[in-house]
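In this chain, residues are counted from 1 in sequence order. Every value quoted in this text rests on a predicted model; they were computed, and no experiment measured them.
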Amino acid sequence: MFRGLYTATSGMMANNRQQQILTNNLSNANTPGFKEDQTVFRAFPEQLIKAVENSKKGTIVPHNIGTLTTGVYTQEGIPSFLQGPLKETGNQTDIALLDELLPTNPDTQQKGSMVFAVAAEDGEVRYTKNGSFAVDTQGFLTTSDGFSVLGEDLQPIQVGSADFTVQDNGEILLANGAQGDRLWVGYTENPQQFVKEGQNLLRWAGAPEASPQFIDNFDLLDGTPSFMKQGFVEQSNVDLTKTMTDMMTTYRGFESNQKVIQAYDRSMEKAVNEIGRV
């Protein structure tokens, strides 16, 4: 009798987790470079049900009578690395990476992804798709959260002021005409191995040998001389209409499971109060 109660409860928990992920997507719809998380529902392993009875010889003989599904759960959010729309800002410190120009992997039929490298608070290298940069009081290029943007040698880049130009190969031309550092831009064929850490930072969780590699020659990627645009920023790839629709669908699913539990509760109440008198 309680099997359905447990199944409905797991459904409510899965819907609640999905709603949290959708809400986070919606709240970051205007965050530059944000990649929406997609949820995947999975069923718990089925359990084999057996009936045990005594045979005529006195031995115990099990009989398979079917399987029992114990409910579903929501897997962790899986980021979607589809290219977000570009927005022209006119700010020299804004730089967008054009993933849509990357070649398609013939085996997976998916595009890879390019990322900037930044120095996290612990000093470790992290990655980001958010190219909305700024210049701090010491003239270093930083993210909007204050993390240092790294150059080719994985050291902070000093530009002096916001008046600089990024060339096609990522090299920075300073306001006085001097050649500055070169932006570290990495490429990976499997961006699904990134793990979000907050503040638009990504940590590589895959095999070290498959981590994003510095792009030394942009021409080798797809014959396109430049994969970045200065004065533009990549917006979030969250589809507001779809997200709102998914949130309504999730709410209805939560509500349906709730009604199932209420029906079980009424049945148990009836069993205790009425059948118990007989």
Side-chain angles (χ1 to χ4, degrees), residues 32-35 81-105 111-120 123-136 138-191 194 200-204 210-235 237:
F34 178 81
K35 300 303 178 184
F81 281 87
L82 293 176
Q83 173 87 55
L86 298 186
K87 178 182 178 181
E88 185 174 5
T89 63
N91 297 328
Q92 292 294 95
T93 55
D94 289 340
I95 306 169
L97 298 174
L98 308 181
D99 285 350
E100 60 184 9
L101 299 180
L102 291 172
T104 301
N105 188 314
K111 294 180 181 292
S113 184
M114 291 185 294
V115 289
F116 297 105
V118 301
E124 296 293 326
V125 175
R126 294 293 186 267
Y127 307 97
T128 184
K129 296 289 294 181
N130 185 358
S132 181
F133 298 143
V135 179
D136 65 11
Q138 296 180 339
F140 287 95
L141 193 64
T142 67
T143 67
S144 55
D145 293 305
F147 299 111
S148 296
V149 180
L150 302 182
E152 183 177 358
D153 56 356
L154 292 179
Q155 296 299 316
I157 298 177
Q158 190 166 28
V159 293
S161 69
D163 187 15
F164 63 88
T165 303
V166 179
Q167 299 177 311
D168 290 343
N169 62 354
E171 292 183 352
I172 294 177
L173 190 63
L174 303 180
N176 58 8
Q179 191 72 42
D181 293 329
R182 183 179 179 186
L183 280 169
W184 193 100
V185 178
Y187 169 77
T188 176
E189 292 184 348
N190 190 13
F194 282 124
N200 244 339
L201 297 184
L202 302 170
R203 174 175 56 85
W204 182 256
S211 63
Q213 299 298 310
F214 174 70
I215 304 174
D216 187 49
N217 188 346
F218 281 80
D219 291 336
L220 296 179
L221 287 177
D222 199 23
T224 302
S226 178
F227 279 83
M228 60 182 70
K229 266 192 173 185
Q230 188 174 12
F232 288 78
V233 67
E234 180 185 354
Q235 295 180 284
N237 65 353

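Between Pro32 and Val233, the shortest heavy-atom distance links the atoms CB-CG2, 3.6 Å. Between Phe81 and Ser113, the closest heavy-atom pair is CD2-OG, 4.0 Å.
Checking side-chain atoms of Lys87 against main-chain N and O of Gln235 turns up no donor-acceptor pair under 3.5 Å. Using a distance-only test at 3.5 Å, with no hydrogens or angles considered, no donor-acceptor pair links the side chain of Asn91 to the main chain of Thr93.
At least one side-chain heavy atom of Lys129 sits less than 4.5 Å from a side-chain heavy atom of Val115. Side chains of Gln158 and Ile172 form no contact here, defined as non-hydrogen atoms less than 4.5 Å apart. Between Thr188 and Gln213, every side-chain heavy-atom pair lies at or beyond the 4.5 Å cut-off. Side-chain contact between Phe116 and Val185 is present, with at least one heavy-atom pair separated by less than 4.5 Å. Between Pro191 and Lys35, the closest side-chain pair of non-hydrogen atoms is not below 4.5 Å.
Distance check: Ile157 CD1 to Arg182 CZ gives 11.0 Å after rounding to the nearest 0.5 Å. Taking CG of Leu86 as the start and CG of Asp94 as the end, the distance is 11.5 Å to the nearest 0.5 Å. Rounded to the nearest 0.5 Å, atoms CG (Asn130) and CG (Leu201) are 9.5 Å apart. We find the CG-CE distance between Leu98 and Met228 to be 8.5 Å, quoted to the nearest 0.5 Å. Interatomic distance, CD of Gln83 versus CG of Leu101, reported as 8.0 Å (0.5 Å rounding). Here the CD-CG distance, from Gln230 to Asp168, works out to 10.5 Å after rounding to the nearest 0.5 Å.
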Applying salt bridge (charged side-chain N to carboxylate O under 4.0 Å, His left out), run through Glu234 and Lys229 and close with a yes or a no. CA-CA 10 Å; Glu234 180 185 354; Lys229 266 192 173 185; over 6 Å; no
Go through it in stages, so that I can follow the logic: the residues are Asp181 and Asp153, the test is side chain to side chain contact (heavy atoms under 4.5 Å, CB included), and I'd like the CA-CA distance, side-chain angles, deciding distance and then a yes or no. CA-CA 9 Å; Asp181 293 329; Asp153 56 356; 5.5 Å; no
Steps toward side chain to side chain contact (heavy atoms under 4.5 Å, CB included) verdict (Asn200, Arg126): CA-CA 10 Å; Asn200 244 339; Arg126 294 293 186 267; over 6 Å; no
Verdict with reasoning, Phe227 to Asp99, per side chain to side chain contact (heavy atoms under 4.5 Å, CB included): CA-CA 7 Å; Phe227 279 83; Asp99 285 350; over 6 Å; no
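For Tyr127, the ring pair (Phe, Tyr, Trp, His ring centres under 6.0 Å) test picks out Trp184, Phe194, with sequence neighbours left out. With sequence neighbours excluded, no residue forms a side-chain hydrogen bond (donor to acceptor under 3.5 Å, both in side chains) with Thr128.
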Below 3.5 Å, can you tabulate the donor-acceptor pairs from side chains in residues 141-149 to any protein atom, sequence neighbours excluded?
unit_1, atom_1, unit_2, atom_2, d
Thr143, OG1, Asp145, N, 3.3
Thr143, OG1, Gly146, N, 3.4
Thr143, OG1, Phe147, N, 3.1

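Within 6.0 Å of atom CD in Gln179, more than 12 heavy atoms from other residues, nucleotides or ligands are found, so the atom counts as buried in its surroundings.
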